[in-house]
Amino acid sequence: MKILICGKGGSGKSTIAALLAKSMAKRGYQVLVMDSDESNFGLHRQLGVKLPEGFMNYFGGKKTMIERMFASMQKGEGGTVKIFDKRWTFSDIPEEYLMEKNGIKLLAIGKIHDFREGCACPMGALSREFLKNLELEDDEVVIVDTDAGIEHFGRGVEDGCDLIIAVVDPSYESLMLSKKINELGDSIEKPVYFVLNKVDNESKRVMLASLEKNKIAGIIPANDEVFKACLAGDELDLELVEIEELTEFLEGVKNDIRAK
Ligand SMILES: Nc1ncnc2c1ncn2[C@@H]1O[C@H](COP(=O)(O)OP(=O)(O)OP(=O)(O)O)[C@@H](O)[C@H]1O
Ligand SMILES: [Mg+2]
């Protein structure tokens with residue numbers, strides 16, 4: 001199952017991605033976390049590993065990819081670049097682009113490092129094509145951590161995933177964005193679920209009143225230990241009941257998808 005995690009900036013996408021990955025790995029799943037956020041540098045720390053070399057480099061780097069996209073546009077092919085010639089499995093991913101710990105592999109598409117190096121479009125294209133071409137065994141799970149907002153929908157990254165999780169924090173903007181994500185998911189027939197994050201009783205009440213009940217996959221409270229670990233840039237080495245409940249919910253969704 002390929003799970004894409006998205007939502008407003010700072011809502012807790014990377015935190016939920018890391019906690020979920022750890023929970024699933026402990027249950028015996030082979031977990032690949034895909035960092036497709038070209039800007040932030042926090043997820044690898046939350047997983048307790050170093051940032052791996054950007055996967056984009058395997059395909060010649062960003063400059064090469066941009067040139068190929070331009071060439072395709074000039075030929076009237078709409079800028080689409082064929083990146084993969086065959087279907088891939090986990091074992092096809094070159095080890096030098098992975099960081100691994102406790103049953104979790106981290107793959108990073110690539111980060112923006114230099115002034116005027118160009119936009120992140122090739123990163124979106126690579127994320128999309130990789131997800132579309134990746135074949136999974138039943139015990140394999142991919143968790144994609146995305147950049148803030150909905151630009152990845154514009155780049156079609158969701159094309160290759162099985163379900164979308166919108167992380168919603170207690171803010172009006174986040175609630176509005178989650179509705180937009182829901183619409184976008186519907187338009188491409190991908191299931192969208194909400195994870196409410198950083199909630200207390202009052203915010204939970206307000207948020208539940210504005211979201212479809214049957215789409216709530218999890219409710220994660222504001223947690224002091226999570227906050228402190230995030231501030232220190234430490235690994236998220238803690239188990240939360242609410243994350244275990246989220247994992248169980250997603251296992252149910254996985255079984256439903258498999259039964260279809
Ligand atoms: N459940 C939680 N309890 C307490 N604090 C949390 C929780 N989840 C996230 N945070 C806080 O929110 C901050 C942002 O979290 P995180 O980096 O996961 O968000 P994000 O959506 O990935 O952000 P970005 O859009 O920048 O990638 C963390 O640094 C942490 O302080
Ligand atoms: Mg993040």
Side-chain angles (χ1 to χ4, degrees), residues 3-24 32-52 54 99 104 106-112 120 123-124 127 142-155 157-158 161 164-178 180-181 192-204 206-208 216-247 249:
I3 304 167
L4 181 135
I5 302 189
C6 63
K8 186 179 80 59
S11 57
K13 300 175 288 299
S14 303
T15 303
I16 302 292
L19 289 170
L20 185 60
K22 283 175 173 258
S23 161
M24 295 199 114
L32 176 75
V33 175
M34 187 173 135
D35 183 353
S36 80
D37 181 342
E38 64 278 352
S39 301
N40 284 305
F41 291 84
L43 179 64
H44 62 282
R45 292 204 185 86
Q46 293 176 313
L47 292 169
V49 295
K50 286 189 180 154
L51 180 67
M99 284 290 164
I104 301 172
L106 173 66
L107 176 74
I109 292 302
K111 302 282 174 191
I112 301 278
M123 280 113 165
S127 297
V142 178
I143 298 174
V144 187
D145 181 29
T146 60
D147 45 334
I150 51 172
E151 196 172 341
H152 41 85
F153 275 98
R155 294 179 185 150
V157 178
E158 283 70 10
C161 71
I164 298 164
I165 289 184
V167 179
V168 194
D169 68 8
S171 68
Y172 182 75
E173 292 75 14
S174 203
L175 283 168
M176 289 301 104
L177 189 66
S178 64
K180 184 66 196 171
I181 291 169
V192 175
Y193 294 98
F194 306 117
V195 171
L196 314 190
N197 189 31
K198 306 195 224 186
V199 300
D200 60 12
N201 283 338
E202 175 57 13
S203 52
K204 184 165 96 179
V206 175
M207 291 162 87
L208 286 176
I216 310 280
I219 302 178
I220 320 294
N223 178 299
D224 228 28
E225 277 184 79
V226 172
F227 179 80
K228 282 183 198 153
C230 289
L231 181 61
D234 287 344
E235 180 176 357
L236 286 177
D237 212 2
L238 42 114
E239 266 182 43
L240 300 180
V241 182
E242 296 84 358
I243 291 289
E244 295 312 309
E245 287 167 357
L246 170 62
T247 304
F249 181 93

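Computed from a predicted model, the values in this text were never measured in an experiment. We're numbering straight along the sequence, starting at 1. Both ligands and their constituent atoms are indexed starting at 1 by order of listing.
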What part of [X] sits under 4.0 Å from ligand 1 if we count only heavy atoms: the side chain, the backbone, both or neither?
X: I16; value: neither
X: D224; value: neither
X: V226; value: side chain

Practice task
Could you tell me whether D169 and K8 have a side-chain N and a carboxylate O separated by less than 4.0 Å?
Solution key: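 The answer is yes: the pair qualifies as a salt bridge.
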
Practice task
Look at K228 together with D224 and state whether they make a salt bridge at an N to O cut-off of under 4.0 Å.
Solution key: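 Yes, charged N to carboxylate O under 4.0 Å.
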
Practice task
Output, in order, the C-alpha distance, side-chain angles, deciding distance and verdict of side chain to side chain contact (heavy atoms under 4.5 Å, CB included) for D37 and T146.
Solution key: CA-CA 5 Å; D37 181 342; T146 60; over 6 Å; no

Handout entry: Closest protein heavy atom to atom 25 (O) of ligand 1, given as residue, atom name and distance to 0.1 Å
Key =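 For atom 25 (O) of ligand 1, the nearest protein heavy atom is K13 NZ, 2.7 Å.
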
Exercise for the section: Give the residue, atom name and distance (to 0.1 Å) of the protein heavy atom nearest atom 31 (O) of ligand 1. Expected result: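 The protein heavy atom lying closest is F227 CD1, 3.4 Å.
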
Handout entry: Identity of the nearest option to atom 16 (P) of ligand 1, non-hydrogen atoms only, from L240, L236, L43, T15
Key = T15

Handout entry: Closest to atom 30 (C) of ligand 1 among C230, G233, G9 (heavy-atom distance)
Key = C230

When you compare ligand 1 with [X], is there at least one nitrogen or oxygen pair between them that comes in under 3.5 angstrom?
X: G12; answer: yes
X: N223; answer: yes
X: K198; answer: yes
X: Q46; answer: no

Practice task
Would you tell me whether Q46 and T15 have side-chain atoms, one donor and one acceptor, within less than 3.5 Å of each other?
Solution key: yes

Distance-only, no hydrogens or angles: does the [X] side chain make a donor-acceptor pair with backbone N or O of [Y] under 3.5 Å?
X: N197; Y: S11; value: yes
X: S23; Y: E244; value: no
X: S127; Y: M123; value: yes
X: D200; Y: E202; value: yes

Problem - side chain to side chain contact (heavy atoms under 4.5 Å, CB included) between L4 and I165, intermediate numbers included - result: CA-CA 6 Å; L4 181 135; I165 289 184; over 6 Å; no

I'd like to check [X] versus [Y] (side-chain heavy atoms, cut-off strictly below 4.5 Å). Are they in contact?
X: Y172; Y: M176; answer: yes
X: I5; Y: I164; answer: no
X: H44; Y: E235; answer: no

Problem - Derivation of the side chain to side chain contact (heavy atoms under 4.5 Å, CB included) call for V168 and V195 - result: CA-CA 6 Å; V168 194; V195 171; over 6 Å; no

Handout entry: Non-hydrogen atoms of I216 and F249 that approach each other most closely
Key =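 Smallest interatomic distance, heavy atoms only, reads O-CE1, 3.8 Å.
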
Within less than 4.0 angstrom of ligand 1, does [X] place any heavy atom?
X: G42; answer: no
X: G10; answer: yes
X: P221; answer: yes

Just which atoms of ligand 1 are under 4.0 Å from any heavy atom in [X]?
X: D37; answer: 27 (O)
X: K8; answer: 21 (O)
X: N197; answer: 1 (N), 2 (C), 7 (C), 8 (N), 9 (C)
X: A148; answer: 25 (O)
X: N40; answer: 24 (P), 26 (O), 27 (O)
X: A222; answer: 3 (N)

Handout entry: Residue from L246, T247, V33 passing side-chain contact (heavy atoms from CB on, under 4.5 Å) with M24
Key =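 The single option meeting the side-chain contact (heavy atoms from CB on, under 4.5 Å) with M24 is T247.
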
Problem - Full working for side chain to side chain contact (heavy atoms under 4.5 Å, CB included) between I181 and C6 - result: CA-CA 8 Å; I181 291 169; C6 63; 3.7 Å; yes

Handout entry: Heteroatoms of the protein, restricted to N/O/S, which lie under 2.8 Å from the Mg ion (ligand 2)
Key =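 Listed by chain and number: S14 OG.
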
